[in-house]
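These figures come from a predicted structure and were not determined experimentally. Each residue takes its place number in the sequence, starting with 1.
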Amino acid sequence: MSKKITILIDMGKYRHVTLPVDEARELLNIMAEKLGKRTNDIDEAQRYIANFDVFYEMMKKKFKDSLAPPKSVDDMIRGNIVVDRIILAKEGDKRIVTIVFDRRVPLDSIEGALKDLGYEVEINRESMY
């Protein structure tokens, strides 16, 4: 039996994927391979996830709901941004990460990377109303 996951596409066309910590790190590695580029935002997102507890506490102390990896204007213009922001959460003793991918990241790349992790993928486009 395969695991199921939903890619949520919000009104701004950003793609949200929620995973356990270890699988979130692996997803970013697979995405870097699939896209053929290892960008600074991917590396920073990896660092946030690897140091989950530290960044989770920092996020809560600053009353933030997400962390945005630093991005250069050049990368934004060229469309080289992969990770828009990271949301860290705890559900009981589970550490959960939501990766919000930039709207220009191909949906089929995200879907393919999730399938490589063994997921059956469903796409949910959030309604405007």
Side-chain angles (χ1 to χ4, degrees):
M1 183 171 109
S2 65
K3 306 176 278 186
K4 293 186 180 188
I5 193 162
T6 300
I7 300 174
L8 173 67
I9 302 175
D10 65 19
M11 289 175 26
K13 298 187 180 158
Y14 290 92
R15 294 91 152 85
H16 301 245
V17 177
T18 302
L19 296 162
V21 171
D22 296 332
E23 291 181 352
R25 291 183 71 192
E26 186 59 29
L27 176 64
L28 290 175
N29 287 331
I30 294 170
M31 286 298 298
E33 286 176 28
K34 283 197 175 296
L35 297 172
K37 56 186 171 186
R38 183 138 203 113
T39 59
N40 186 41
D41 56 290
I42 290 177
D43 291 337
E44 281 298 302
Q46 287 274 21
R47 191 170 72 91
Y48 296 162
I49 296 168
N51 298 295
F52 181 96
D53 294 322
V54 173
F55 284 102
Y56 178 80
E57 291 302 319
M58 182 183 76
M59 199 175 77
K60 292 301 173 195
K61 282 181 185 175
K62 293 185 176 187
F63 300 103
K64 293 188 174 205
D65 60 350
S66 65
L67 298 168
K71 302 164 187 75
S72 73
V73 175
D74 289 342
D75 283 343
M76 285 191 260
I77 292 170
R78 291 186 188 118
N80 286 335
I81 302 299
V82 178
V83 178
D84 183 64
R85 64 186 186 274
I86 296 286
I87 301 168
L88 305 175
K90 289 185 178 179
E91 293 177 2
D93 61 343
K94 293 182 183 176
R95 299 181 309 168
I96 307 295
V97 177
T98 299
I99 302 170
V100 181
F101 290 100
D102 189 78
R103 66 182 89 190
R104 292 186 270 184
V105 175
L107 186 57
D108 59 338
S109 295
I110 300 169
E111 194 173 352
L114 288 167
K115 286 180 180 177
D116 289 352
L117 283 173
Y119 282 99
E120 183 180 318
V121 180
E122 177 183 312
I123 298 172
N124 181 6
R125 298 183 195 296
E126 205 172 68
S127 173
M128 286 188 176
Y129 305 104

Calculate, to the nearest 0.5 Å, the distance between atoms [atom1] and [atom2] belonging to [X] and [Y] respectively.
{"X": "R85", "Y": "D102", "atom1": "CZ", "atom2": "CG", "result": "10.5 Å"}
{"X": "T18", "Y": "E91", "atom1": "OG1", "atom2": "CD", "result": "8.5 Å"}
{"X": "L28", "Y": "I30", "atom1": "CG", "atom2": "CD1", "result": "9.5 Å"}
{"X": "I81", "Y": "D75", "atom1": "CD1", "atom2": "CG", "result": "5.0 Å"}
{"X": "I42", "Y": "E44", "atom1": "CD1", "atom2": "CD", "result": "12.0 Å"}
{"X": "N40", "Y": "N80", "atom1": "CG", "atom2": "CG", "result": "11.5 Å"}

Sub-4.5 Å side-chain heavy-atom contact between [X] and [Y]:
{"X": "L35", "Y": "P106", "result": "yes"}
{"X": "D74", "Y": "R78", "result": "yes"}
{"X": "L19", "Y": "V17", "result": "yes"}
{"X": "K71", "Y": "V83", "result": "no"}
{"X": "R95", "Y": "L88", "result": "no"}
{"X": "H16", "Y": "F101", "result": "no"}
{"X": "I87", "Y": "D65", "result": "no"}

Practice item. Taking all non-hydrogen atoms of both residues into account, name the closest pair between R103 and Y14 and its distance. Key: NH2-OH, 2.7 Å

**Study point:** Over all atoms of both residues, closest heavy-atom pair of S109 and K34
**Key:** O-CD, 3.6 Å

Are [Y] and [X] connected into the same hydrophobic cluster when the rule is that any two of I, L, V, M, F, W, Y join if their side-chain heavy atoms are below 4.5 Å apart?
{"X": "I86", "Y": "V21", "answer": "yes"}
{"X": "L27", "Y": "I5", "answer": "yes"}
{"X": "I99", "Y": "M59", "answer": "yes"}
{"X": "Y119", "Y": "I49", "answer": "yes"}
{"X": "L117", "Y": "V82", "answer": "yes"}

Point to revise | Neighbour count above 12 (heavy atom, 6.0 Å) for K37 NZ | key: yes

Review point. Under a 4.0 Å N-O cut-off, is there an ion pair linking K90 with D53?
Key: yes

Review point. In terms of side-chain geometry, is the basic nitrogen of K61 or E57 positioned less than 4.0 Å from the acidic oxygen of its partner?
Key: no

Exercise for review: Quick one: which residue pairs count as a salt bridge (Lys or Arg N to Asp or Glu O under 4.0 Å) with a foot in residues 14-28, not counting sequence neighbours?
Suggested key: K3-E23

**Study point:** Side chain R104, main chain M76, donor-acceptor under 3.5 Å
**Key:** yes

Review point. Hey, does the side chain of N51 reach the backbone of V54 with a donor-acceptor pair shorter than 3.5 angstrom?
Key: no

Check your understanding: If you look only at pairs with a residue in residues 33-53, which of them pass as a ring-ring contact (aromatic ring centres under 6.0 Å, His included), with sequence neighbours excluded?
Key -> Y48-F55, F52-Y56

Practice item. Would you tell me whether D41 and T39 have side-chain atoms, one donor and one acceptor, within less than 3.5 Å of each other? Key: yes

Review point. Sequence neighbours excluded, which residues qualify as side chain to side chain contact (heavy atoms under 4.5 Å, CB included) partners of E122?
Key: T6

